[in-house]
Each structure stands twice: as C-alpha cells, then as structure tokens.
Protein chains: 2
Amino acid sequence: MSRSTSSPSARGGPVTLAMVARRAGVSPQTVSNALNSPGRLRPETLERVRRAVDEMDYRPSRAAQALRTRSSRLIGYGVQPAPAATAAPVMDRFLHALSQAADEAGHRILLFAAPPGDPTLHGFEDLLGRHEVDGFVLSGTALHDPRQAWLAKRGVPFVGFGRMWSKRQIGDWVDVDGAFGTDAAVEHLVAAGHRRIGFLGWPRGSGVGDDRARGWQRAMRRHALPTRGRRVESVDDVEAASGAVKPLLDAGATAVVAASDMLALGCYQALRERDAAVGRDVAVIGFDDSPTASILSPGLASVAQPLEAVGRECVRLLLARMADADAPPERLLLEPSLVIRDSCPDTGPDPHGPPPPYGA
Amino acid sequence: MSRSTSSPSARGGPVTLAMVARRAGVSPQTVSNALNSPGRLRPETLERVRRAVDEMDYRPSRAAQALRTRSSRLIGYGVQPAPAATAAPVMDRFLHALSQAADEAGHRILLFAAPPGDPTLHGFEDLLGRHEVDGFVLSGTALHDPRQAWLAKRGVPFVGFGRMWSKRQIGDWVDVDGAFGTDAAVEHLVAAGHRRIGFLGWPRGSGVGDDRARGWQRAMRRHALPTRGRRVESVDDVEAASGAVKPLLDAGATAVVAASDMLALGCYQALRERDAAVGRDVAVIGFDDSPTASILSPGLASVAQPLEAVGRECVRLLLARMADADAPPERLLLEPSLVIRDSCPDTGPDPHGPPPPYGA
DNA sequence: TCTCAGCGTTAGATCGTTCCAAAAACAGTA
DNA sequence: TACTGTTTTTGGAACGATCTAACGCTGAGA
C-alpha cells in the first residue's frame, strides 16, 4: 500500500496509536513500546508494528505526548531587536545553527518577543506557567542580567550564549573566547612585522569589550611591546570611532585591532580622511566578521565567531541539563578564528620612510 | 494571598482547572467557560472565578488545550541561512516583527530548519503530521516555489512574505512594492536635477529584481528620459557589480539606482577606482537599507522595506485564513520608503564641466 | 512438585482541557 | 400552582498518548 493512498489528510482525522495497533493486531501500548523502547518487543512483533506504522504514515501527536510526559520538547529563545546594527547577522546565523541543532535532537526553537530589559521577566513566567517550553537559550547576556538567577531559582533548565561577567557564575554557558581572538590578531600582525599595534575598544565596563581588550594586551606583553597610551575607546558608532582612533594614528600606529567591525569601520574613515590607505599604510582587524566586513573595499580582516559550533553546543548543554538537573555546571569557551582580508596584508608596515613619532 | 506564596512551582504540580474550580466552588467546566466565553456566566460567578484564577496564578496548560482543540497556536517559520550576506539583517528584523505580532495575537513562532530547496518538503510534512503548527509563514519565495501549491493542496493555512512570480497566484501574501521604491528613488533624483540615471540590477529572470527594474523604467519613461543601454546587470557581489557598472559611468551617468545595497557598494568601489566621489560626482541609491548602508561613508541612501508592517500583516492575514479557509485570498503590497543619506545629496549633478558622452 | 523471577504483552488509569447534552435555576405568563 | 422558555451551571465523555501494575507463560532452583 502506498503512502499517498493512506495519507491521513485524505480522509477522516489523523492516524492514531490505536489505529496502528488495530492494524498490527496488538494493543496500543505495544505500539508505544515499539516506538519508545523497541528492545522490549519480540523482533517479529516489532517488525509487524513497524510495518503498520510505516504503511499508515503514523506520527505521534505532539500535543498528546506533551500532555502525558509533561515535556513539550520546545526550547524558548527570546528575540530582542538587535542592539547594534552589525550584530544582527551574528544573531541570524546563530539562530539558524541553534534551530538546526535542536531539530536534529528532536527539539524545536520557540521564539517569544522579549522586551529588552524587562525586569518582570513576564515572558518567561508565561511560557513556564503554561508548560510551553522545557528550557531556555539566553543570549545577549548583560552585566547584571537577572535572568539566570531567576531561572535557576525555579529549577528551569537554561543555557546562556555568553558567560556571566559578574563574580557569581550561574548555570551552564557557551561563549566565544574574545581574548583569544584579539590575541591571535596581534600575533598575526607581529608576524607580519608590525610593532606599533593600537587597540580601539568599547568603553571599559562591558564584559565582552574588556575581554577583547585583554587579549590584545596579553599578546602585546608577550612580545614585550608597549601598551600604555595605545588603547583608545569609543561607543559602537562609526563617527565616534573615527574620532577616537585619531590619537593612535597621530602617534604612528601601523596597525589597529578593533573590538568590533563597526569600530574598525571608524578606523577606515579616519584613514581615508588623512589620505592613508587601509592595508598598505595601516593594517586594520575587526571583530565579528559581519557581512559588512567581506563587502568592504579593501575587505576587512576580522575575528569570526564559530556560531554554528556555539549553537550546537548550546543545544547539547541544554539537553544534558534537562536530563540531569544536578550535574555539575558545564562552561564552554570556544575559539574564534581570524579571517584575513586585504585590510591586513602579510607584507607588514611600509619599511621605508622615517617612522613617525609613536608614544608619549 | 500573594502570588508568590501560591506559586505553582513552590509545592506540588501545576495549578489545574479543577483546583481553581474547587476553590471558587464551581465545576471545572464553569472555570473553562469563564475564560473562553465569559458572557455565559452570571457576573457575580464570573467575578468569583476570576478572583480564584488570579489568587492561584492559574494558567491553562497549552498541551492540554492543544490536544483538545486540535490547535497548537504555533506558526511555523522555516529558517534558511540567509543567501546574500546583506539580507541577513532584513530577515532578522522581519523575524522580530513577526514574533512580536504573533505574541500579541496569542500565537508563537516555531522555527524549523528548512534545508534550502528541499524538494521533499520533509520538514513541513513532519510538522503537520504531528500537529505541531497551525500554519506557516513562508519567506524567500523563489520563482518556481513548490511550497505554496503543496500547502494549498492539503488545506494548510499559510501566508507568504513575497508574492508569487509565476502566473498562477496561490494563497495569501504580503510583499513590498519594489517598483514603487525604485520609482521613488528616480523621482527624488530627477527632482535634484539628475537626468542621466542608470540602473544596476540583478540578471533578468528573478521576480524581485525585475520588479525593481520596472520601477526605475516606469519613472524614467514618465519623465521622458531614455532607458536604453542605461541598465546593466550583475550578480549580488561587490566585485562583479563594480565591473558591471563601469559602462554606465563611462557613458556619463550622474546617478545610479541599484537593486541592492550590495550592488550599490560595487558602484562605490568603481567610483573610488576612478577617483570620483560618491554623492558629489555620482549619486547612488541602494535597496534594503541594510545596516551596512548606514555605516558606510558616505552613508548610502537606500530604499527601506517596512519590515515591521510586513510582519504584522503576515500574522493578520494568516490568522484570518485560519479563521475562514474559504475567504477570498488577500494580497498586500506595502510601500517601502526612501532613506536619504550623503550618497544622494539634494544638490544634484555638478553643473559645470563639459557633460561627458552618454548613450550609444 | 512448588515457587519465583524473567519475559513480552496488555488493561486501565491518567495527563488537563474543551465539547455536548442534559440538568438546574430563574423569570415571565396563564 | 403549573407551565413555558430562557439563562446559567454541570456531569460525562472525549482528545491521543504514556505510565503502572499485572497478565499468562516459560524455565530454573529448592
């Protein structure tokens, strides 16, 4: 019998467990066992049930399963409007990876509109109260984020994309090692012959930004290169960044590592204003590998986050947590990778011409 | 009694309809009526039930509701990795708007990984077979997209973001009037004094691209401006676009309307290569108002899609379709808006200097 | 011979809600 | 008072799956 002729939508309601059981000549529970713990059935019975399931194109009703098992197999993800414009594509790729990983594990991602910074956590409360989700994936974790503590207190499984920047760590998380990324950027620049490498970061106090600054500093120290006065700050805005980076350029930096592609773009603008060429005169490396980076000219070298891996790991940790609430927390730091483009050629700084003044 | 003390998670299982009924001194059915058809209750009874619901912080179980009503109140959305890099933020904003609108209507968005161009439509089949979703929102509709026909044949409610480009129209959709956008762009350029306005589009045959070309052509004709030889084509890639636009610039175009921000960026690059200034020498207008557009320098004027409105309307149409499967199809064309930035100054083309040759 | 554990299977209850039809309460008329 | 008709309320049966406890059967050990 072909699938199409016995298609559920063709006639009547959906195919139920009981219908399959009748056809296979067993009880409904046996069909359930065939699907959930096939080891309990005699091989020939199993085969008979399997055939019936297949012939009737039976699929268990999610609603009934959810009611009975008290588990919806749904994972909540609160969507916020992307704060920085360049961050949107990052979240887009992450969401896709997350959805794919969840699907493969028999779960799905449920979106809910999370008003940014809603202190009442009303959305979470609602989803939980109605048993709509089994757990949450958090992203865009801020410094004093109340969500982790709130969820942990109620014993709700969750995993964060982004570590906790406060001292007290709560729950599982997956994060990208920003320091590793900027460290690698410096390493690459040094290998290309750069010595005067500045850092264009966000204002201190943001966990992510400070982390990225740390990697630059660490690598500079390792190579015995000075860092004092070679770090400037700006909010994530092209104009502001363009202004902020000027002191670095004035002091003769041959390379700039930026905490975001947006900041790197400010660097582009500052260089253009003084008729310097990005890449040839000054190397620039950004962070996030946003779509903008690849379409700029010259292409912006950037530190790319392994978003597919982050999505996969988030799902893995969350499922592990749901399976065992008392397991010790797991925290994962993934390594980003440096994407080299024309803004950062291998040739290094222009060796001829008197080196301009640098430093105090 | 405060909410916190009677919180469901505090002790025992969840608060059920029966528990509320016992407290209010009515039957479970009456509580259900109080929530679903309050008009049937005597005002004082209603008030009593409402108070009990409130005091116990009761929320109906979605699983049980879904099982009984055969409706999950979930809307499926297949996430594909964004094809063009610059398109990602567009989908991000759309998804947020969609989620918000769905939430407000008491529904939620369920993501599922849709392998791009999967002809088996396996994901859809699975979601439907298990009654996981009540309907679908489609996006990224291609020319010979099989999804609409497939869904329509089975009577599944759906709405497309993007019209159908084939002759046969199926189902409801919401789309952005691309021709209106490029028409408005030309209109703006003409008002600023431009006459030699070229169009940098995608290769013919893509519905979206041809639509955007049509608006340019329409506006040019209206102003009795020639279009022959003033339209060039390129795939959505900066390098390719940069090469493709050269003939237009060689012929002395003072303005270029592009079918995407990516193409517009190719135009930026071509102009930079010949030391011409974007905005001053040649005006450029892109399409999509991607984040990249706003952070470029000079800022790229672009046609912005009303994504929030599209999301809202998608949900509205979908709910209407779910309420009445036989209603006549509704199709909505929303107007994009022109975002003016420095790439397109009001002053128009430089009047001095001999006009370079233009045309065959 | 009797007991008992192990095996694959099954009957019956259960999850929390809504639908249906019938019962109860109420109001208005004869 | 009895009768009719209209609210308002309620018991019982689904919805479709899974869980628990127990079924009959076989074979090993006492």
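Numbers restart at 1 for each chain; the letters A, B, ... are given by sequence-line order, proteins then strands.
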Checklist entry - Base, sugar-phosphate, or nothing: which does L17(A) touch, judged by heavy atoms less than 4.0 Å apart? => result base
Checklist entry - On DNA chain D, nearest-nucleotide positions of A64(A) versus G39(B): which is more 5'? => result G39(B)
Next on the checklist: In whole Å, I'd like the distance from the CG atom of L67(A) to the C1' atom of dT18(C).
Outcome noted: 12 Å
Item to check | Spacing between R42(A) atom CZ and dC7(C) atom C1', to the nearest angstrom | outcome: 10 Å
Checklist entry - Does T30(B) have a side-chain nitrogen or oxygen under 4.0 Å from the phosphate oxygens OP1 or OP2 of dT10(D)? => result yes
Checklist entry - Side chains of T16(B) and Y58(B): is there a donor and an acceptor less than 3.5 Å apart? => result no
Checklist outcome for this item: Here the distance between atom P of dT17(C) and atom CZ of R73(B), to the nearest Å, is 15 Å
Next on the checklist: Looking at T45(B), I'd like to know whether one of its side-chain N or O atoms comes within less than 4.0 Å of OP1 or OP2 on dT9(D).
Outcome noted: yes
Next on the checklist: Under 4.0 Å from OP1 or OP2 of dT18(C): is there any side-chain N or O of T69(B) that close?
Outcome noted: no
Checklist entry - Taking CG from N33(B) and P from dG11(D), how many angstroms apart are they, rounded to a whole number? => result 13 Å
Checklist entry - NA contact type, Q65(B), heavy-atom cut-off 4.0 Å: base, sugar-phosphate, or nothing? => result sugar-phosphate
Item to check | Distance test, side-chain N/O of S61(B) to OP1/OP2 of dG16(C), below 4.0 Å | outcome: no
Checklist entry - What is the distance from CZ of R48(A) to P of dG8(C), rounded to the nearest Å? => result 15 Å
Item to check | Shortest side-chain distance from T16(B), nucleotide among dT17(C), dG16(D), dT10(C) | outcome: dT17(C)
Item to check | Between P of dG16(C) and CE of M19(B), the distance in whole Å | outcome: 9 Å
Checklist entry - Is it the case that Q65(A) and R130(B) place a side-chain donor and acceptor less than 3.5 Å from each other? => result yes
Checklist entry - Given that R40(A) and S32(B) both sit by DNA chain C, which one's nearest nucleotide is further toward the 5' end? => result R40(A)
Checklist entry - Roughly how many Å is it from NE2 in H131(A) to C1' in dG16(C), rounded to a whole number? => result 10 Å
Next on the checklist: Using a strict threshold of under 4.0 Å (side-chain N to carboxylate O), is an ion pair present between R312(B) and E308(B)?
Outcome noted: no
Item to check | Contact under 4.0 Å: R70(A) side-chain N or O vs dG16(C) OP1/OP2 | outcome: yes
Next on the checklist: Before we go on, tell me: are the rings of F136(A) and F124(A) under 6.0 Å apart, centre to centre?
Outcome noted: yes
Checklist entry - Starting at CD of E132(A) and ending at C1' of dG16(C), how long is that distance when rounded to a whole Å? => result 15 Å
Checklist entry - Are F161(A) and F94(A) near enough that their ring centres are under 6.0 Å apart? => result yes
Next on the checklist: So, under a plain 3.5 Å distance rule, would you say the side chain of R68(B) forms a donor-acceptor pair with the base of dT18(C)?
Outcome noted: yes
